[in-house]
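This structure is a prediction, so every number in the text was calculated from the model and none was measured. Residue numbers begin at 1 in each chain, while the letters A, B, ... track the order of the sequences.
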Amino acid sequence: MNRSRLSKPLLHLLKPQTPKSKSPVFLLSHHLCTNPGSNLKPNPNQPPQDDDSLITQVLQLLQPNEKDWNFDQLHNLLFSNSTSPSPRSLFHITCSLGASSKAIKFFDYVSENAGRSPPGSTALLSSAFQAVLEITLREPNSETKLYDLYKMAKERNVRLNFNAAALLVRSLGMAGMEDEALIVFNELPGLKNTHLCNVVIGMLLKMGRVDDALKVLDEMLHPEAKFRVDEFTCDIVIGSLLRRREQTGRSVSEEEIVDLVSKFGKQGVFPNSPLLTKLITVLCRNKKINRAWDVLHDVMKMGGAVDASPFNALLTALGRCSDFMRMSELMAKMEEMGIKPNVITFGILINCLCKSRRIDAALEVFEKMSGVVGVSAKPDVIIYNTLINGLCKVGRQEEGLRLMEKMRSQGGCAPNTVTYNCLIDGFNKVGDFERGRELFDKMKEEGIPLNVVTLNTLLDGLCRHGRLNTALEFFNEMQRDGLKGNAVTYTILITSFCNVNNISKALELFDQMLSTECSTDATVYHCLISGLSQAGRMEDASFVVSKLKEAGFSLDIVSYNVMINGFCSKNKLDKVHEMIEEMESAGVKPDSVTYNVLLSYLSKAGDFKNAHKVLSRMMNEGINPTVVTFGTLIHAHCLDGNTDKAMKIFRDMGSNAKIPPNTVIYNDLINSLCKKNDVEQALSLMDDMKDKGVRPNTATFNAMFKGLRENNLLEIAFQFMDRMVEQACNPDYITMEILTEWLSAAGETEKLSKFVQGYLVSVDRQKDGIIGYR
DNA sequence: CTAGGGTTAG
């Protein structure tokens, strides 16, 4: 039925070929012409065939330069008494003129002459004007001329058709002339329709004029509006408002967007699935899960069609905050609405269960997804990898390995780099390098490409087991093979070298990282700063801080704490103040660790007055003391020799602050009490630990042994030695020093040797024999 | 879906 589309090629054939019309650009631009306003009905009195011959004849006349046009002949063809061109043919003629100057001249001619033959003249002029606009727009930098053309049309009472109006509004907007675009739009009283409003709204939103756009939208949403919103309106509005959030200009709150969605919904118009999903994702990212929940449910309640993806978005967010209750509620809702979960939905559930270490539940879901009729979604490589990783993370790497075989044989799914990375990491983490290495070789054998994660996994495994030099060699080897390290690679190596106090190697690696154009991130800087601060290398740490800032990163609260602590231990109080000031101006709020560090410094120096000031400041800031805060105070009073005060704080923390003391605190007190020769109270603390379920460690026993030795309480010492054996608490060199001296002097070397071999030493328990074997 | 992270009390 679209005659004009059919007739276009025909037109080209019929037309005399001029050099210009042969150019591909011309053909293309001709093709770009829209048809004159779709509101125009074909004139039944003028069959298109006649149109085409008319067009051909007119174009022939218009071939020469404008000034050579023969107006008499033109008039004969177009406006003689018997004939009148169709709007469509005028549009084509004007469009085919190629240059805007010609088109305007022709339009001038038509507007002067068509007026004499109403009533069709309005439509005629509209079409011709539309063609003028289109021609003009094809010429470079022509946007500014548009508004002048519009004014000209207005002076001559040329009515704009829909296409011309839309084109004008959109083009003016794109040229940054939104005001002019709005004027045009507002001066089109009888011509507005949904499409045109959509164009204007889209244009305004693109230019950041949110409120103007919403005003237009408001009119459309009015109950008595002549033209309602449609799905395009919804698309344009919600889509660009969501996109706008990352741009400058008036930001629109999610609340407003949610509100608009519900207004659209009342008109029976809903955002499409990707858009709804995006909205839900944005809401969830901004911690408004409840709003996201409501939006999804509201859309369904109002009758919008919803598929799995917005559900998936919401499920992901709920999974992140481990809200399993609402996850299953949502799954139930899906079922109720007859919406089939897809692979992604299952992936989210399985991932979620794996992350909360509920692997068996995850495996159950996995069984279900292929088993139950109607919900079958074939597990893909991601599902398998998630499960394999989950198994490895809880030490079930053997099962992970079996699942990989199953995915190959039964799942028809080939393992990939990620699959192997997960398994290698799994075996490495439990110290089974052999298997890790085997998998690595197998991976190469099967031609599965290694990536930087593979490299980092292997490096991490080596480093964790103290094989730093092997790790370095391996890294160099891989680099020679063309596999580059990234920020994670350097983080692993740098932290490992810091941990063994090989600071120069750590710094060397840092230099290497900066000199290769390797990716960096804040973490690698943070780790090095931490390592250097702990090593007391504050100048180096400060240097790395400056490098971090140069790279565009900033210090976070932990790094500030690390630095403050470092400067405290070096007694550089001015630097401590400097850091605190910098931290405040950077808007990083001190946390309990910051206060603990300061508290520790002050009270260790015996400055309890200022320590208490810091403590009350901490409370005023609404930061609750932690177990470390109490530990710090207790430690300070112990150092001060004031064990009573320390014990008072200890009792206080249990009863008032309701913070259970930990091993460190017990150790401190036991140590202090024993030094004061108050073994009785120390022993009662040992009982207290047992009651409260706080596990003593080697240091606890060491402190206790010292106190017992002073009072020669051998039998009690034997009991504690048994406790150590039972609890697999290994003696260290301090334990051995104390016991060796004491027990040899007491003639009990045999017991010591039993203890060392992991046997119980108390006489009456000896019969239990093997039970005590370590 | 896979790899790395640092702080305070002993």
### Query
Quick one: do Lys505(A) and Glu508(A) make a salt bridge, cutoff under 4.0 Å?
yes
### Query
OP1, OP2 of dC1(B) versus side-chain N and O of Lys393(A): anything below 4.0 Å?
no
### Query
Contact class for Ala636(A) (heavy atom, under 4.0 Å): base, sugar-phosphate, or nothing?
nothing
### Query
Looking across every strand, which nucleic acid part, if any, lies under 4.0 Å from Asn671(A) by heavy atom: base, sugar-phosphate, or nothing?
nothing
### Task
Report the distance from atom CD1 of Ile382(A) to atom P of dT2(B), rounded to the nearest whole Å.
10 Å
### Message
Please classify the nucleic acid contact of Thr523(A) as base, sugar-phosphate, or nothing, using heavy-atom distances under 4.0 Å.
### Response
base
### Query
Aromatic ring centroids of Phe497(A) and Tyr490(A) under 6.0 Å?
no
### Message
Distance criterion of 3.5 Å, no angle test: do you see the side chain of Asn662(A) paired donor-to-acceptor with the base of dA9(B)?
### Response
yes
### Ring-ring centroid check Phe440(A) Tyr420(A), cutoff 6.0 Å
no
### Task
Indicate, with a heavy-atom threshold strictly under 4.0 Å, whether Asn416(A) touches base, sugar-phosphate, or nothing.
nothing
### Message
If I take atom CG in residue Leu598(A) and atom P in nucleotide dA9(B), what distance separates them, rounded to the nearest angstrom?
### Response
12 Å
#### Entry: Any Asn596(A) side-chain N or O less than 4.0 Å from OP1/OP2 of dA9(B)
no
### Task
To the nearest Å, give me how far apart CG (Leu633(A)) and C1' (dT8(B)) are.
12 Å
### Task
Remember a base hit wins even if backbone is also touched, and classify Thr632(A) as base, sugar-phosphate or nothing at under 4.0 Å, heavy atoms.
sugar-phosphate
### Message
Within 45 degrees of the ring normal and closer than 6.0 Å to the centroid, is that where the cationic atom of Arg358(A) sits relative to Phe324(A)?
### Response
yes
#### Entry: Between dC1(B) (C1') and Ile388(A) (CD1): distance, integer Å
10 Å
### Query
Salt bridge between Glu578(A) and Lys575(A), side-chain N to carboxylate O under 4.0 Å?
yes
### Query
Side-chain N or O of Gln534(A) less than 4.0 angstrom from OP1 or OP2 on dG6(B)?
no
### Task
Mind checking Val664(A) for me? I need base, sugar-phosphate or nothing, with any heavy atom below 4.0 Å counting as a touch.
base
### Task
Assign Val628(A) to base, sugar-phosphate, or nothing according to its heavy-atom contacts below 4.0 angstrom with the strands shown.
base
### Query
Within a radius of less than 6.0 Å around NZ of Lys429(A), do more than 12 heavy atoms belonging to other residues, nucleotides or ligands occur?
yes
### Message
From the set dT2(B), dA9(B), dG5(B), return the single nucleotide nearest to any side-chain atom of Ser600(A).
### Response
dA9(B)
### Task
Mind checking Asn565(A) for me? I need base, sugar-phosphate or nothing, with any heavy atom below 4.0 Å counting as a touch.
sugar-phosphate
### Query
Listed in order of residue number, which residues of residues 610-622 of chain A have a non-hydrogen atom at under 4.0 Å from DNA chain B?
none
### Message
Heavy atoms only, 4.0 Å cut-off, all strands: where does Asn697(A) land among base, sugar-phosphate and nothing?
### Response
base
### Query
Roughly how many Å is it from CZ in Phe510(A) to P in dG6(B), rounded to a whole number?
17 Å
### Query
Looking at Phe427(A), is Arg437(A) sitting on its ring face, NZ or CZ under 6.0 Å from the six-membered ring centre and within 45 degrees of the normal?
no
### Task
Classify the side chain of Asn486(A) and the base of dG4(B) as holding, or not holding, a donor-acceptor pair under 3.5 Å.
no
### Message
Taking atom types as they are modelled, would you say the side chain of Ser559(A) forms a donor-acceptor pair with the base of dG6(B) within the 3.5 Å cutoff?
### Response
yes
### Message
If the cut-off is 4.0 Å, is Lys429(A) near the phosphate of dT2(B), judged by side-chain N/O to OP1 or OP2?
### Response
no
### Task
Between dG5(B), dT2(B), dT8(B), spot the one nearest the side chain of Val597(A), thanks.
dT8(B)
### Task
For Leu493(A) and dG5(B), give me the distance from atom CG to atom C1', rounded to whole Å.
14 Å
### Task
Look at the side chain of Asn561(A) and decide which nucleotide, out of dT7(B), dG4(B), dC1(B), has an atom nearest to it.
dT7(B)
### Query
Does a sphere of radius 6.0 Å around CD in Glu434(A) hold more than 12 heavy atoms from other residues, nucleotides or ligands, not counting ones at 6.0 Å or beyond?
no
